[in-house]
Amino acid sequence: MSQGQRPLSPHLEVYRPLTGSFTSILHRATNAALLGGMFVLAAWLGSVAAGGEVYQFVNGLLSSFVGRVALFGWTFCAFYSAAQWLRHFCWDLGYGFEIETAKRTGLIAVVCSALLTLAVWSLVILRGAS
Amino acid sequence: MSQFRSAMSAARNHGSAGTGTGEFVQERFTALVLILLGIVLGAKLLVLSAGGIDLAEARGWLGSPVNAGLMLAFFYFGMVHAFICSKVLLEDYVHIHGLKLLLIAGVAVLTTGAGLVATVSVLTSLFMALS
């Protein structure tokens, strides 16, 4: 089959860890996680419509420790996916392909997403405490 | 671009199928819309889902037609985006043809289902508040 000659996407076990492959693989992983997050959001919306014990149950899951860790994770995934898409928009317009620039924007995407996640959750926790 | 391909490359089925541009544009368009909607909805959503909000407050929020509309848009674009992204992942990493098609169909069913659940739920909350 001619299929074997085709170039493949960054495969986890093939690529040496590099900024480019790492940021790409992380983007794909975060998007998969966000799909799960959307299912949970749909379930939460359903529980709001259903009300009563259903809402108590879903709300209880989300406000448990595990639930909050998951929400924290999804926050990072959302910020990182947005940051990656901003990089993609630049690439689509023809900018940012130089190796040094691509490395730098990849690093910025990871660090900024982490900082924004921490900032947002500091606000959530402060708001919850007040 | 087909005039630049040799007869041999066409016979070997190399190169693009020529139908990917629509999906490429859709993927980026939905990403842009989701970033904007995410900024508008995200903060409120996090505070709501962090467990500090009771049912009445959640219903009050979704009872506003503006919030309900934004949430419906978020789910529509979110599910389209999620489906395309998942399809890309499956096409890249699942090399058994039948399994790949089955998984893509599964993701289509799941994203459509989640979109329907969200739509019916949001509309239920909205009409409950309006009636």
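Naming: A, B, ... by sequence-line order, numbering from 1 per chain.
- The contact between A:A82 and chain B is made by backbone and side chain atoms together, counting heavy-atom distances below 4.5 Å.
- B:L37 and B:F75 fall within the same hydrophobic cluster, defined by Ile, Leu, Val, Met, Phe, Trp and Tyr side-chain heavy atoms under 4.5 Å apart, directly or through other members.
- Counting heavy-atom pairs under 4.5 Å between each of B:V120, B:L110, B:L123 and chain A puts B:L110 at the top.
- B:S86 is listed as a side-chain neighbour of A:L35, based on a closest heavy-atom distance under 4.5 Å.
- Hydrophobic clustering, with ILVMFWY side chains joined whenever heavy atoms are under 4.5 angstrom apart, groups B:I96 together with B:L90.
- Counting non-hydrogen atoms of other residues, nucleotides and ligands closer than 6.0 Å to CD1 of A:I99 gives a total of 12 or fewer.
- Most heavy-atom pairs under 4.5 Å with chain A: of the set B:L34, B:T124, B:I35, B:V122, this distinction falls to B:I35.
- Contact of the B:T111 side chain with the A:M38 side chain is not registered, since no non-hydrogen atoms from C-beta on lie closer than 4.5 Å.
- You'll find the side chain of B:L32 stays beyond 4.5 Å of the side chain of A:W85, heavy atoms only.
- Cluster membership for A:F79 and A:L86, using ILVMFWY side-chain heavy atoms within less than 4.5 angstrom, is not shared.
- The shortest side-chain heavy-atom distance between A:Q56 and B:L55 does not fall under the 4.5 Å cut-off.
- With a 4.5 Å cut-off on non-hydrogen atoms, B:F24 touches chain A through its side chain but not through its backbone.
- Considering only heavy-atom pairs separated by less than 4.5 Å from chain B, the leading option among A:G51, A:G52, A:A78 is A:G51.
- Residues B:V117 and A:F39 are not in side-chain contact: their nearest non-hydrogen atoms beyond the backbone lie 4.5 Å or more apart.
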Is there a side-chain contact (heavy atoms from CB on, under 4.5 Å) between B:F74 and A:L41? Walk through the geometry before answering. CA-CA 11 Å; B:F74 184 69; A:L41 181 59; 3.8 Å; yes

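- Within a 6.0 Å sphere centred on CZ of A:F97, other residues, nucleotides and ligands contribute more than 12 heavy atoms.
- Between A:A42 and B:A118, the shortest heavy-atom contact is CB-CB, 4.3 Å.
- Residues A:V48 and B:R59 approach most closely at O-NE, 2.9 Å, considering heavy atoms.
- Ranked by heavy-atom pairs shorter than 4.5 Å toward chain A, the options B:M79, B:E91, B:E27, B:M128 are led by B:E27.
- Annotation for B:S121 and A:G46: closest pair OG-CA, 3.1 Å, computed over non-hydrogen atoms.
- Linking ILVMFWY side-chain heavy atoms closer than 4.5 Å, directly or via other members, places A:V69 and A:V120 in two distinct hydrophobic clusters.
- B:L62 places a side-chain heavy atom less than 4.5 Å from the side chain of A:L45.
- By the rule that hydrophobic residues join a cluster once side-chain heavy atoms approach within less than 4.5 Å of another member, B:V40 and B:V33 end up as members of one cluster.
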